[in-house]
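From a predicted model like this one, the values you see are computed outputs, not experimental measurements. Counting starts at 1 for both ligands and their atoms, in listed order.
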Amino acid sequence: MTPTDPSFTQQLTTRPTPVAERQAMLANPGFGNFFTDHTAIVDFRADESGEGGWYGARLEPYGPIALDPAAAVLHYGQEIFEGMKAYRHADGSVWTFRADANAARLNRSAVRLALPQLPEELFLESLRQLVGVDVDWIPSGDGESLYLRPFMIATEAFLGVRPAREVSYRVIASPAGNYFGGEVRPVDIWVSRNYARAGRGGTGAAKAGGNYASSLAAQLEAEAHGCKQVLFLDQANDNAVEELGGMNVFFVFRDGSLVTPALSGTILEGVTRSSIIQLGRDRGLTVTERTITLEEWRGGVASGEITEVFACGTAAVITPIGRLRDGDEFIGAPDSAAGEVTMSIRTELLGIQTGVVEDTHGWLTRLV
Ligand SMILES: *Cc1c(COP(=O)(O)O)cnc(C)c1O
């Protein structure tokens, strides 16, 4: 086994989704509802000393995974994932956005969850392989794309608590429409007071499935209070704003400057977040990563110092935040329209991703 050999074998499906069926799915993809015909896989095995390597890089028909009931992932949640998109450009070529950043983040998550790191070349090749065979699954409507979900699971059958020595890395793909559906409308956000998503020294900075599992109770609470998403704070200290369940947060100030919570170890470093910081600076705006508390948010909205708030992530790109609901208190106005700066950055970012705005930072990687 050569750990960095990126050559994949291909076992293609003998029963591809009928064209009419696929077209019906692509006509209204939603998010995460449908999956393409194939999956990319690379397995890992280590010996007792922890020495090991990746092997068996392959494409297989999409389908259920045969797992031993004792597989570590099913008991201890040793799992990480990534989320990115493939965009079809006007000339038919297909590109992904800042894949190197996703590869690096996957490996940072791997270190935290005691999983093996995947060579970047294998990561990129897994995307090229999968998108190459399932290229007809990329919807071409405005703002539509093929969502790519690389993930890594501990497959070793062993109930002792230690890092698994058998691991599987996989990629699945799902045609994606508009995350919150249709037009860009501000969403109401619920302040989580009963639940935290991360703590110092925890796994908040890793893209790990367990973080999402632990955010679901808070998400249910949000929905029960008429909100779309949850905001997590550092309640143990100063009520510093951290992030939403799966998106980072930005504030636009009256002077045009942008502020986003600093990476404190409890916040996931979003690729969208990093890109917005860069695009803001490209425009000559002051972009600051610092602590911003709920009190500053409340006061800033009341005084007019804070003019816009938005959330960002690969799935939903940029979503304006309307009202923040903290118990019975509301911060912000109902029915506020999406802010100008929010929409302008959103348009620029989507433009780069879809090839209609020049990619001056070399953020795009061609897949097909
Ligand atoms: C994935 C994720 C984000 C957004 O990251 P992007 O790379 O921009 O998609 C933000 N917060 C959490 C908790 C995440 O898992």
Practice prompt. If the plane angle is over 60° it's perpendicular, under 30° parallel, otherwise tilted; pick one for F250 and F310.
Written response: parallel
Practice prompt. Ignoring hydrogens, just give me the one of A315, G313, G270 whose non-hydrogen atom is nearest atom 5 (O) of ligand 1.
Written response: G270
Worksheet item: Considering only protein heavy atoms, which is closest to atom 9 (O) of ligand 1, and at what distance to one decimal place?
Response: T314 OG1, 2.6 Å
Worksheet item: Taking atom types as modelled and ignoring hydrogens, do the side chains of N211 and T203 form a donor-acceptor contact shorter than 3.5 angstrom?
Response: yes
Discussion item. Using a 4.0 Å cutoff against the non-hydrogen atoms of Y212, which atoms of ligand 1 qualify?
Written reply: 2 (C), 12 (C), 13 (C), 14 (C), 15 (O)
Item to complete: Can you pull out the closest protein heavy atom to atom 8 (O) of ligand 1? Residue, atom name and distance to 0.1 Å, please.
Response: T272 OG1, 2.6 Å
Practice prompt. On the 0 to 90° scale, with breaks at 30° and 60°, tag the F251-W297 ring pair as parallel, tilted or perpendicular.
Written response: perpendicular
Worksheet entry | atom 2 (C) of ligand 1: nearest protein contact (heavy atom, Å) | K207 NZ, 2.6 Å
Worksheet entry | Distance-only polar pair, side chains of T293 and N239, donor-acceptor under 3.5 Å | no
Item to complete: Hey, can you tell me if F35 and Y62 have their rings parallel, tilted or perpendicular (30° and 60° cut-offs)?
Response: parallel
Item to complete: Identify, for atom 12 (C) of ligand 1, the protein heavy atom at the shortest distance, and state residue, atom and that distance.
Response: E243 OE1, 3.3 Å
Worksheet item: Strictly under 4.0 Å, does any heavy atom of G245 approach an atom of ligand 1?
Response: yes
Worksheet item: Angle class for the F81/Y212 ring planes (parallel below 30°, perpendicular above 60°, tilted otherwise)?
Response: perpendicular
Worksheet item: What protein heavy atom is closest to atom 3 (C) of ligand 1, reported as residue, atom name and distance in Å?
Response: G246 O, 3.3 Å
Worksheet item: Does L244, backbone or side chain, put an N or O under 3.5 Å from an N or O of ligand 1?
Response: no
Item to complete: May I ask whether R197 has any heavy atom positioned less than 4.0 angstrom from an atom of ligand 1?
Response: yes
Worksheet item: Any nitrogen or oxygen of E269, main chain or side chain, under 3.5 Å from a nitrogen or oxygen of ligand 1?
Response: no
Worksheet item: Short list, please: which atoms of ligand 1 are under 4.0 Å from a heavy atom of R105?
Response: 5 (O), 6 (P), 7 (O)
Worksheet item: Does atom CG of D91 have more than 12 heavy-atom neighbours, drawn from other residues, nucleotides or ligands, at distances under 6.0 Å?
Response: yes
Item to complete: Answer yes or no: does atom CZ of R290 have more than 12 heavy-atom neighbours from other residues, nucleotides or ligands under 6.0 Å?
Response: yes
Practice prompt. Pull out every atom of ligand 1 sitting under 4.0 Å from any heavy atom of V271, numbered as shown with elements.
Written response: 6 (P), 7 (O), 8 (O)
Item to complete: For E82 and ligand 1, answer yes if some heavy atom of the residue is under 4.0 Å from a ligand atom, otherwise no.
Response: no
Fill in: Presence of salt bridge, R170 and E60, under 4.0 angstrom
no
